[in-house]
Chemist: 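This is the structure I want to talk about, given as structure tokens.
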Amino acid sequence: MDVSHLLDELNDAQRQAVTAEDGHLLVLAGAGSGKTRVLVHRIAWLIQVHHVSPMSLMAVTFTNKAAGEMRGRVGRLLDLRPEGLWIGTFHGICHRLLRMHAAEVNLPDTFQILDSEDQYRLVRRVIRDQQIDEGEHPPRQVQGFINHHKDEGRRPGQIEHFDQGFQARQVEIYQRYQDYCERSGLVDFAELLLRSVELLRDNPERRAHYQARFGNILIDEFQDTNTLQYALVRLLAGERNHLFVVGDDDQSIYGWRGARVENVAHYNRDFQPELIRLEQNYRSTRTILEAANRVIDHNDDRMGKNLWTEGEQGEPIRRFAAFNAEEEAEFVIARIQDWIAQGGRPSDCAVLYRSNAQSRLFEQTLLREDIPYRVYGGLRFFERAEIKDAMAYLRLLHNPHDDTAFERVINVPARGIGERTVARIRDHARTNGQSLAQAATEQVAQGGLSARAGHAVRSFLALVADLTEACGSASLAGAARAVVERTELVAWYQTREPADRAEAREENLSELVRAADSFQQPFEDEQAGLSPMASFLSQAALEAGEHQAERWEDCVQLMTLHSAKGLEFPLVFMAGMEEGLFPHQKSIEEPGRLAEERRLCYVGMTRAMQRLYITHAESRQTYGQTSFSRPSRFVAEIPEPLIESIRSGFRVTPAASGREAPPDTGGLALGASVRHSRFGSGTVVSLEGQGPNARIQVNFEDAGSKWLVLAYANLERIG
DNA sequence: GTGCGACGATTTTAG
DNA sequence: ATCGTCGCAC
């Protein structure tokens, strides 16, 4: 068989990885070095050359997007239907395992997945039921505590605690939360992994079965794995299976959410893999790569890697020092306008920032200039309130004893059932070991509620019964349509929210019906005996949906540096490059966290293909207060020859770049003594710019050094 | 039981 | 500044 097409377009290192003999591999894949191509071609190589059955391959990623892309590319390359392939996210694959072996891990066939919000509400419920002070144990924090320990593989009994107060209490909440989940057949995200690990660890037959099945396991973004994920990999690998691990220690930016970059070292220790470095970059100019290399070089304990390119040197990186955040936004949007004016597309431009709050000024300015844009982040489709409401009704139809769903919608839309009534139902359920639905039914029948509350609860139960009947024989889409139509969610949102907001919710609910209508049940779910409804509910939790999937217009892209990982853009702006913001204040004290910030900077820089701007502002509004800051240390880590500074006072447009007028002194000379109404007296140390843009740097005796716009500074000459 | 005003926190986030 | 949660008044 001719397999040259699998190798033709690969460089030496890529080819070496794709064609490696059996054994373990560690592919250190630098940014833009073609790692997805290597993974895809490796899978094809294994199937076509090593004659590995597609059924015995497992490929694991972190995001559905990455899994989908890999699946699609493998399918195209091999011209096969990639259905039998186990390509998926850690969570997706674990979900599949648990569905297949639900009974063995003590889960009902109907187990449900809790997303973060469901989990939060449940944790809060448990805390309240225990009458524990929410101030001392904030649900968010307890949720973090539970997830942290689960990610480390710990059950409540395995957590060391050193007191009988606070820590013991946290463990107790974890225990009770877990008990509740067990009783109700609920599984949170971390639990999907933990149960799977326990299944393989404690059940020798299952372990042997899967170890015999998956002779080749490929893992993407390995630097992002947490303790549990690495444990799973080890269990699946066993003694004989071959691991193909792809990662980049320099792109580890998720330590704060449990990722263990040390897993790369552990993998080296545990499996002694062959090391292959992919260092040739196909994305950025030489200038950008050199700058990024030099920045990341300030980190210690790297595996070491030097990105290079055969491409051209390209333009210098441009740095803009803005007076304030507004001016920074003006500058960025003006450069985007230049780009568009020269025939560039808006969607080629990305504005990257450290924290979401920074997006606002860019949005305002883009809106004003009438440039289309898209902000990443925020709630995804299945996380929106109205969608979660409708989904809760669907969950109740699927399983009337789903208490999480019951609690969410018993009074949504509002029908006069308040906290007192719900508490009464909850009590009744607890004393009789019933679900909330059962308890509510009994309470209504026994007249255990006030006339008014009883009537309201009865109407809720009637609605659910009505829906159940209507949906008994209906399709998934029919059920979704019935829910949207009969619950009157749309009308409810209309009464309590401004028209535009309510309209968006209405559109989303229609979209939900469309989504249900076009839902294709995955083959393996069908095989596992799941109903389409059960599949749909799981999938909604597991794939919350693209942020604004349909909007594929030609838009400027606004996102955090974290969300930018894995993407690339011809024109990139890194905004807010200031000490305290990036690196973030909370990361500055600890060396480990600072190193992670630097990797984030490296990730950001390596997103740029052609042109990279780095901007910072002297002052900006943070939490409603004006704050002043110095440029980020990362800016200074870029070697001078690679970077060109632009200051307010002369606008560089590509056509007119390099023309600088002499600074306008406005009658003030260097060394002059001046007084400012707020900052007091000081000495002029620098001047630049012209006319209304002229700025002056003054070293104030008390307030330190500041840049001021001459026209507004109102300086009084003294001495 | 519902609705509004005070209060406090506020980095990053996929599944 | 802004958002979400909590407490108190209708």
Side-chain angles (χ1 to χ4, degrees), chain A residues 60-67 88-95 113-120 124 128 134-135 138-141 144 147 150-151 187-193 220-221 224-226 228-229 252-259 325 352-361 376-380 382-383 385 410-411 413-423 450 452-453 456 495-496 538-547 559-566 576 580-588 593 596-597 599-601 603-604 620-627:
Chain A
V60 197
T61 65
F62 274 84
T63 64
N64 290 302
K65 197 175 157 212
T89 62
F90 274 102
H91 293 87
I93 282 171
C94 288
H95 173 239
I113 301 170
L114 292 179
D115 72 10
S116 306
E117 196 199 343
D118 298 334
Q119 184 188 35
Y120 171 80
R124 192 176 58 184
R128 287 179 181 172
E134 279 181 71
R140 273 276 163 247
Q141 197 197 309
N147 288 335
K150 284 197 178 188
D151 283 345
V187 174
D188 59 48
F189 287 131
E191 188 72 22
L192 288 169
L193 298 170
D220 191 16
E221 304 273 21
D224 289 339
T225 51
N226 64 29
L228 216 39
Q229 287 157 342
S252 160
I253 56 173
Y254 287 117
W256 52 272
R257 78 176 189 204
L352 311 183
Y353 36 78
R354 181 62 176 78
S355 71
N356 287 307
Q358 287 170 259
S359 75
R360 235 194 69 215
L361 277 175
Y376 279 67
L379 289 185
R380 290 171 298 170
F382 283 101
E383 292 167 347
I410 182 169
N411 198 35
R415 49 176 73 81
I417 303 172
E419 188 44 41
R420 290 284 297 264
T421 307
V422 178
S450 70
R452 206 183 159 128
T495 63
R496 60 202 295 274
S538 297
Q539 196 146 320
L542 236 33
E543 302 181 34
E546 288 286 282
H547 298 266
M559 67 187 82
T560 62
L561 287 153
H562 283 90
S563 326
K565 190 168 158 223
L581 187 54
F582 187 38
H584 197 275
Q585 195 54 45
K586 296 189 174 179
S587 305
I588 286 177
R593 308 204 50 187
E596 185 161 300
E597 294 280 295
R599 293 194 289 268
L600 188 57
C601 183
V603 166
R620 68 171 67 238
Q621 301 287 320
T622 336
Y623 307 141
Q625 302 261 306
T626 304
S627 59

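We use all heavy atoms of the structure for the numbers below, so side chains are in, but hydrogens, waters and symmetry mates are not. Just so we're on the same page: letters track the sequence lines, and every chain starts at 1.
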Chemist: Measure CZ/A/Phe90 against P/B/dG15 and give the value in whole Å, please.
Modeler: 13 Å
Chemist: Select base, sugar-phosphate, or nothing to describe what A/Phe189 touches, counting heavy atoms under 4.0 Å on all strands.
Modeler: base
Chemist: For nucleotides 2-6 of chain C, print each protein N/O atom paired with a nucleotide N/O atom at under 3.5 Å, atom names and distance only.
Modeler:
from, atom 1, to, atom 2, distance (Å)
C/dT2, OP1, A/Arg360, NH1, 3.4

Chemist: The criterion is salt bridge (Lys or Arg N to Asp or Glu O under 4.0 Å); which residues satisfy it with A/Arg620, sequence neighbours excluded?
Modeler: A/Glu328, A/Glu578
Chemist: Please report, rounded to the nearest Å, how far the P atom of B/dT10 is from the NE2 atom of A/His584.
Modeler: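 That distance rounds to 11 Å.
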Chemist: Applying salt bridge (Lys or Arg N to Asp or Glu O under 4.0 Å), can you list everything that pairs with A/Arg257, at least two apart in sequence or on another chain?
Modeler: none
Chemist: Does a side-chain N or O of A/Ser563 approach OP1 or OP2 of B/dT12 to a distance below 4.0 Å, or not?
Modeler: no
Chemist: Round to a whole Å and report the spacing from CG of A/Leu114 to C1' of B/dA14.
Modeler: 16 Å
Chemist: Does A/Asn147 make a side-chain N or O approach to OP1 or OP2 of B/dG15 shorter than 4.0 Å?
Modeler: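 No, because none of the side-chain N or O atoms of A/Asn147 sits under 4.0 Å from OP1 or OP2 of B/dG15.
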Chemist: Among residues at least two apart in sequence or on other chains, which ones pass ring-ring contact (aromatic ring centres under 6.0 Å, His included) with A/Phe189?
Modeler: A/His91
Chemist: I'd like to check, for A/His562, whether its ring lies over the base of B/dT12 with centroids under 5.5 Å apart and a plane angle smaller than 30°.
Modeler: no
Chemist: Which residues pass the salt bridge (Lys or Arg N to Asp or Glu O under 4.0 Å) test with A/Asp115, not counting sequence neighbours?
Modeler: A/Lys388
Chemist: Can you list everything that forms a ring-ring contact (aromatic ring centres under 6.0 Å, His included) with A/His562? Sequence neighbours excluded, please.
Modeler: A/Tyr254, A/Trp256
Chemist: I want to confirm an ordering. Mapping A/Ile253 and A/Leu193 to their closest nucleotides on DNA chain B, which one lands closer to the 5' end?
Modeler: A/Ile253
Chemist: According to salt bridge (Lys or Arg N to Asp or Glu O under 4.0 Å), who are the partners of A/Glu597, at least two apart in sequence or on a separate chain?
Modeler: A/Arg354
Chemist: With a 4.0 Å cutoff (strictly under), does any side-chain N or O of A/Arg380 reach OP1 or OP2 of B/dG15?
Modeler: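 So the side chain of A/Arg380 is within the cut-off, an N or O lying under 4.0 Å from OP1 or OP2 of B/dG15.
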Chemist: Do other residues, nucleotides or ligands put more than 12 heavy atoms under 6.0 Å from the CD atom of A/Gln625?
Modeler: no
Chemist: A/Ala540: which residues meet the side-chain contact (heavy atoms from CB on, under 4.5 Å) condition with it, sequence neighbours left out?
Modeler: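 Here the qualifying residues are A/Phe382, A/Met391.
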Chemist: Are A/Tyr254 and B/dT12 stacked, counting the six-membered base ring, centres under 5.5 Å, planes under 30°?
Modeler: no
Chemist: Can you name the nearest heavy-atom pair linking A/Leu561 to A/Gly604, along with the distance?
Modeler: CD2-CA, 3.8 Å
Chemist: When rounded to the nearest Å, what value does the distance between P atoms of C/dG4 and B/dT13 take?
Modeler: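 16 Å, rounded to whole Å.
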Chemist: Reckon A/Asn64 has a side-chain N or O less than 4.0 Å from the OP1 or OP2 of B/dG15?
Modeler: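 It does, given that an N or O in the side chain of A/Asn64 lies less than 4.0 Å from OP1 or OP2 of B/dG15.
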Chemist: Between B/dG15, B/dT11, B/dT12, spot the one nearest the side chain of A/Trp256, thanks.
Modeler: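 Of the options given, the side chain of A/Trp256 lies nearest B/dT12.
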Chemist: Compare every heavy atom of A/Ser252 with every heavy atom of A/Arg599, then report the nearest pair and how far apart it is.
Modeler: NE-O, 2.7 Å
Chemist: Round to the nearest Å and state the distance from A/Asn226 atom CG to B/dA14 atom P.
Modeler: 15 Å
Chemist: Identify, between A/Asp151 and A/Arg354, the residue whose nearest nucleotide on DNA chain B lies closer to the 5' end.
Modeler: A/Arg354
Chemist: Distances under 3.5 Å only, N/O to N/O: pair up the protein atoms with those of nucleotides 1-9 of chain B.
Modeler:
from, atom 1, to, atom 2, distance (Å)
B/dG1, OP1, A/Gly418, N, 3.3
B/dG1, OP1, A/Thr421, OG1, 2.8
B/dT2, OP1, A/Gly416, N, 3.0
B/dT2, OP2, A/Asn411, ND2, 3.2

